[in-house]
Participant: 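The structure's right below; bear with me while I get my questions together.
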Amino acid sequence: MAKEAFIALDYDYIDVDDSSMIRLWGRTKEGKRICVLDTTDSYFWLIPKAKANLEKYAEKVKKIHLKHAGREAKVLDVRIKEKNFLGQPIKALQVLVNNPKDIVTIKDIAKEFPETEEKRETDINFVTRYIIDKKIIPLETYSVEGKELSKKELRENGWNWNVDIVIKAEKITEAKWEFEPKILAFDIEATDFEIGKGQILMVSLANKHIQKVLTWKKFANPPKEVEFVKNEEELIKKFIEFIEDYKPDFLVGYFSDAFDLPYLRMRAENYDLKLNIGLDNKGITFIKGAVMSSEIRGLVHVDLYKFVNNIISYSLQSETISLNDVAKELVGEEKIKIDLGKINKELKETKGKLGEAELRRFSLYNLQDSVLTSKLFDKLWPNIMELTKFVQEPLFEVNRATYSNLVEHNIIHNAHRFNEIIQHRPTFDEINERKIRPKYTGAFVKEPIPGLYENIAVFDFRSFYPNIIVSFNISCHTINMKKEPGDYETPEFEFEGKKRKFYFKKKLGFIPQILSELLEKRKEVKAELKKHRTPVLEARDYALKTLSNATYGYLGFFGARYYSLECAASIAALARHYIHKTIEDIEKDGFNVMYADTDSVMFLFDKKKEEALKLLEKINKSLPGTMELDLENFYKKGLFVMKRTGELGAKKKYALLSEKGEIKVRGFETVRRDRCKLAKDTQDVVLKSVLEEGKPDKALEYAQKIVKQLRDKKIPTEQLVIRTQLKKEIESYESIGPHVAVAKRMRELGLPVKEGSLIEYVITAGKEKLIRERARLPEEVNEGAYDVDYYINNQVLPAIESIFSVFKISMENLQGKKQKSLKDF
DNA sequence: GATCCGAATATACC
DNA sequence: ACCGGTATATTCGGATC
C-alpha cells in the first residue's frame, strides 16, 4: 500500500475496459508528480410520468444495452429514489451506466419510453460528477492510500504517462499541507500576428527564479538571459525540453489560448514535432468555441488574459486589458516599449534581418512579457485559487469561466445537499425563445435638479439584489403565479404587457439558501478582514462578492439552467419598491432627496448628521429579512448638471467632494475613455476648481486659456488622440463611425486590427464634411494639422459647458459682456 | 443643400 | 452567447423642406 499527500490540479477520465476511470493529476507534498486513479458511479436521472408504474419502468430501463463505439453500452442498475426537482419532492429513476460516454445513447433510448417525462443530469460532465460525489475538490489538499502501479503494469496498459507515481486510490482523506505552485510563464515573438503565417523568433520563460530567452536570431553582446539556438526547429525543441526538465505545475501565458500555443503547434507541425508537454503524452488539445482554448493535460495551462477579461476587468481602472495596462495597475510594472509594427515591417522588408541593437531590445521585450505574466500570476493566484475552491470546478475551467459559469457551477456543486436533481442546460430552441422575450423593467433612477449642493448624505443598500433574493425567497423553484397562504409577494408591476404580481413560497428554496450562505460567509470574511488583511482573505471576499452580485443577472440570462425572467423582473420590481420607499421615508423626515440610482439615495442632510443616522436606524427596522441600508458617506459638496439635450437633469452623472477632500466623479467625460485627453483633463480641472474652491470664474479662465492654446495649435497632438473600441467585425457595421473608418485604413496598411481593438485617431482639418473622412491615425497627423474647431466644439466645450451652465455662465451669451465667450479665443 | 431626427454605436452606472 | 436593465452622448444617414 502506498500513501501520499497530494493536491489535485487537473482532472480527466479515460476508458478502461468498458467503463471509465478518473485521473487526478497533481503534485505530492514531497514534490513528486502524481496521477491518482479513481472511480465513481456514472449515472443520470429519469423523471417518470405521474401514472407510470415505477417498478416496471425501472425493469425496462435496466434492460437497455447496445453495441456502441466499440463498447457494450449497458445499464448497470436502476434505483428508484426520492428526490427534489424544481422544488417539488418526486420519485425518480437513477440510471447507472458503465461508461459516462454511453449516457447520450442510453438516454436517447429511454427517452422514447412512454413512462418517461424528462431526463436530467445527462449533461453533467463526468469530472464534475466525480467532484460532486467524491468531494475531491480542486486545489484542496488530500492524502491518498492505494496500490502503486509498477512500471510493468503501466506498460501493459499502454499508460505512458509523464509522472513519478501512479496510485490506484482506495481511500482519499483530507490532509492539510501547504502547496506552493511551481509555475512557468512564457511568451513567444513571431514575424506575423496571424496564426498560419510567419515564424517564431523567440520564446521567453520566466518565474521568480528563472529568466530565459531562446532565439535563433543571433546578435552580438546578448543579455545573459539569452540562449541562441540553431533555428526555429531547435527553438521549439528546446522549449519542449525545458518544460520537460523543469516540470512546472502550471504553464502561464497572456492571450496564450488563442495565440502562443496555437502558434507553437502550427510551427511544430511544420517540422513534424509533437508538442508533448502534457503529462499524458497527448500534446495540446485545442478547444474551438466562440473563443479558443488550449488545454494541456496535467500541466495546467493558465491564460491570465481570460481571467482578467472575464472576472477581474470590472474592478480595474485600466482603459484596456492589455498586458501592459493590467500589469501596470496590478504589479506596478510595464512592458518594455518597442515599435512592434516597425520591427515587423523591417523583418518583412529585409527578409528577417534586424539590427543588433533592435534584436537585443526585442529579446528583452520578450523576456519582460514573461516576467510580467509571472508577476501577474502571483498577484492573481489567490483570486483564481479561492474561486476554484469555492465553485469546485477544475482550475482550467475556472480560469476561463464567465460570471454566469461561476454562479452555475456553484449551484451545481451544491444541489446534492438539497437532494435536488440538476436542471438541464437550455436547448438551442429554448435559448432562442428566451432571447426574443421582451426586456423587463429594471432599476429606478431619480432625475436630479442640476446645481451645486452642500452637505450631502448618501445611503445605500448592502448587496441590494442578493438580499432581496434571500429575503423574498426568490427562485424558479419557489415562484407561485397565484397567491398561496403565507407567500411573499411583489408589488404590482407591468410584466410582458400585463399588470401583475408574483408570489414566492415561504419554504426556503435551495438557490436563495445557497445565496444566503454566500452572504453569511462574506460577512465572516469581512469581519476577519477587519482584524487582518491578507491577499487570500481579500481574494475570498472578491470571490464571494462576485458570485453573489452575479446571481441576479444569471436568473435573467438566456443561457442559464435556472433561468427565470419572472424572478429577475420580480427582484427588480422589489428593488424599485424599496428605493422609492426609502426616498419617501427620508423625505417624510424633512430631508431633500436629490438623487437616487438603483440602490442608493443622496439627500441634503442640512448639517444634522445625528438625525440622518437616527433615520437610517429607523428605516432599517422597517426593512424585511436580511435587507439593510448603510451609510455610504457624508459629502461636503456635490455637482449635478443638465443633459445636453432638453432641460432635464442628467442621471448617472455627478461629482462629489468628500469630507476628506476626495473627489468622486461618475459618468462625466473625465471617466470615459472615448474622449481625448485634453477634454478630460480640462473637465477635471474645471470640476476640481468648482468643487474644491467654489470658483467657476477661475475655471472659466482656465478653459479660455486651453481654447486659446488650441487655436494657436500649441496643444500636442497626443492630447487630442481619441480612442474608441471596435466592438464588432469591421464589415458588420451599418453605420461607419470615425473609428471604423480608421480601422479600415489600418487594415489596408497591414496593421493588426480585429474585433476588440482599441482604435486611436485624430480629427484633422479639411474640406470633407463627415468627421470620419478627416479621421487619421495619430502617426499620420502632421504637426498642427488637427481640426481646431472640431476639438473646441465637439470635444472640449461639450465637456465643460454643462458645468458652467450650473453657474449661469453661458458659452454663447457672454459675447459683448465683460467676460468673453470661449468661442472668441 | 441645409436641417432635422431617429438609428446605430460606445461607454458608463449600479 | 457566455450576468441584468438604465442612461448619456456622438456620429451617421436618410427623410424633409
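First the proteins, then the strands, lettered A, B, ... as listed; each starts at 1.
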Participant: I need the full list of salt bridge (charged side-chain N to carboxylate O under 4.0 Å, His left out) pairs touching residues 566-579 of chain A, with sequence neighbours left out, sorted by first then second residue.
Facilitator: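 For residues 566-579 of chain A, and leaving out neighbouring residues, the salt bridge (charged side-chain N to carboxylate O under 4.0 Å, His left out) pairs sorted by first residue read A:Arg437-A:Glu566.
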Participant: Going 5' to 3' through nucleotides 7-14 of chain B, assign each nucleotide B (protein heavy atom under 4.0 Å from a base atom), S (under 4.0 Å only from sugar-phosphate atoms) or - (no protein heavy atom that close).
Facilitator: -SSBBSBS
Participant: Contact class for A:Arg675 vs. all strands (heavy atom < 4.0 Å): base, sugar-phosphate, or nothing?
Facilitator: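 Result for A:Arg675 = sugar-phosphate.
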Participant: Determine the contact category for A:Asp460: base if any of its heavy atoms lies under 4.0 Å from a base atom, sugar-phosphate if only primed atoms, P, OP1 or OP2 are that close, otherwise nothing.
Facilitator: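 No contact at all - A:Asp460 keeps every heavy atom at 4.0 Å or more from the nucleic acid.
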Participant: Rounded to the nearest angstrom, tell me the gap between atom CD1 in A:Ile771 and atom P in C:dG13.
Facilitator: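 Taking CD1 of A:Ile771 and P of C:dG13, I get 12 Å after rounding.
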Participant: Tell me the interatomic distance from A:Ile468, atom CD1, to C:dG4, atom P, rounded to whole angstroms.
Facilitator: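 It is 18 Å, rounded to the nearest whole Å.
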Participant: Could you tell me whether the side chains of A:Glu295 and A:His301 share a donor-acceptor contact shorter than 3.5 Å?
Facilitator: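 The answer is no; no qualifying pair exists.
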Participant: Can you find a side chain N or O atom of A:Asn794 that sits less than 4.0 Å from OP1 or OP2 on C:dT11?
Facilitator: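 Checking C:dT11 against A:Asn794, a side-chain N or O does come within under 4.0 Å of OP1 or OP2.
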Participant: For a salt bridge (charged side-chain N to carboxylate O under 4.0 Å, His left out) with A:Glu386, tell me which candidate from A:Arg540, A:Lys521, A:Lys545 qualifies.
Facilitator: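 The option that passes is A:Arg540.
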Participant: For DNA chain C, determine which residues of residues 386-401 of chain A have any heavy atom closer than 4.0 angstrom to one of its atoms, and list them numerically.
Facilitator: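 Contacting residues: none.
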Participant: For the residue pair A:Ala679 and A:Gln795, what are the closest heavy atoms and their distance?
Facilitator: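 That would be CB-O, 3.4 Å.
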Participant: Across the strands shown, which category fits A:Gly553 at heavy-atom distances under 4.0 angstrom: base, sugar-phosphate, nothing?
Facilitator: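 Since a base atom lies under 4.0 Å of A:Gly553, the category is base.
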Participant: Taking the ring of A:Phe493 and the ring of A:His577, is the distance between their centroids below 6.0 Å?
Facilitator: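 When the ring centroids of A:His577 and A:Phe493 are compared, they turn out to be at least 6.0 Å apart.
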Participant: Check the distance between C:dG5's P and A:Lys651's NZ and give it to me in whole angstrom.
Facilitator: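 Interatomic distance, NZ of A:Lys651 to P of C:dG5: 17 Å.
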Participant: Taking the six-membered ring for Trp, are the ring centroids of A:Tyr578 and A:Phe464 within less than 6.0 Å of each other?
Facilitator: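 No, too far apart.
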Participant: Give the rounded distance in Å between these two atoms: NZ of A:Lys769 and P of C:dG14.
Facilitator: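 In whole Å, C:dG14 P lies 12 Å from A:Lys769 NZ.
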Participant: Nearest whole angstrom, please: distance from the C1' of C:dC2 to the CD1 of A:Ile431.
Facilitator: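 Spelled out: CD1 on A:Ile431 to C1' on C:dC2 is 9 Å.
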Participant: Specify the separation, in whole Å, of atom CZ of A:Arg772 and atom P of C:dT10.
Facilitator: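 Answer to the nearest Å: 18 Å.
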Participant: Select base, sugar-phosphate, or nothing to describe what A:Ile736 touches, counting heavy atoms under 4.0 Å on all strands.
Facilitator: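 Sugar-phosphate only.
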Participant: A:Tyr440 near the nucleic acid: base, sugar-phosphate alone, or nothing, with a heavy-atom cut-off under 4.0 Å?
Facilitator: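 Answer is sugar-phosphate: A:Tyr440 comes under 4.0 Å of backbone atoms only.
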Participant: With a 6.0 Å cut-off on ring centres, are A:Phe472 and A:Phe504 close enough?
Facilitator: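 No, the ring of A:Phe472 stays outside the 6.0 Å limit from the ring of A:Phe504, centre to centre.
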Participant: Reading DNA chain C from 5' onward, which residue's closest nucleotide shows up sooner: A:Ala443 or A:Thr551?
Facilitator: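 Its nucleotide being nearer the 5' end, the pick is A:Thr551.
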Participant: Hey, does A:Ala568 reach any base, or is it just sugar-phosphate, or nothing, if we go heavy atoms under 4.0 Å?
Facilitator: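 Nothing: the residue A:Ala568, judged by heavy atoms under 4.0 Å, touches no strand.
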Participant: Quick one: A:Ile800 CD1 to C:dA9 P, roughly how many Å, whole number?
Facilitator: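 In whole Å, C:dA9 P lies 15 Å from A:Ile800 CD1.
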Participant: Once you round it to whole Å, what is the distance between C1' of C:dT6 and CG of A:Leu648?
Facilitator: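 So the CG-C1' distance, A:Leu648 to C:dT6, works out to 15 Å.
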Participant: Looking at every heavy atom in both A:Tyr440 and A:Ala568, which two are closest together, and how far apart are they?
Facilitator: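 For A:Tyr440 and A:Ala568, the tightest heavy-atom pair comes out as OH-CB, 3.5 Å.
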Participant: Give a yes or no on whether a salt bridge exists between A:Asp541 and A:Arg522, defined as a side-chain N under 4.0 angstrom from a carboxylate O.
Facilitator: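 Answer for the salt bridge query: yes.
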Participant: Which part of the nucleic acid, if any, lies within contact of A:Leu555, taking any heavy atom under 4.0 Å across all strands shown: a base, the sugar-phosphate backbone alone, or nothing?
Facilitator: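 No contact.
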Participant: Looking only at the side chains, is there a donor atom on one of A:Gln683 and A:Arg675 sitting less than 3.5 Å from an acceptor on the other?
Facilitator: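 The criterion, which ignores hydrogens and geometry beyond distance, is not satisfied for A:Arg675 and A:Gln683.
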Participant: NA contact type, A:Tyr790, heavy-atom cut-off 4.0 Å: base, sugar-phosphate, or nothing?
Facilitator: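 Sugar-phosphate contact only - A:Tyr790 comes under 4.0 Å of backbone atoms but never of a base.
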Participant: Which part of the nucleic acid does A:Gly556 contact within heavy-atom distance under 4.0 Å: base, sugar-phosphate only, or nothing?
Facilitator: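 If one applies the 4.0 Å heavy-atom cut-off, A:Gly556 turns out to touch the sugar-phosphate alone, with no base involved.
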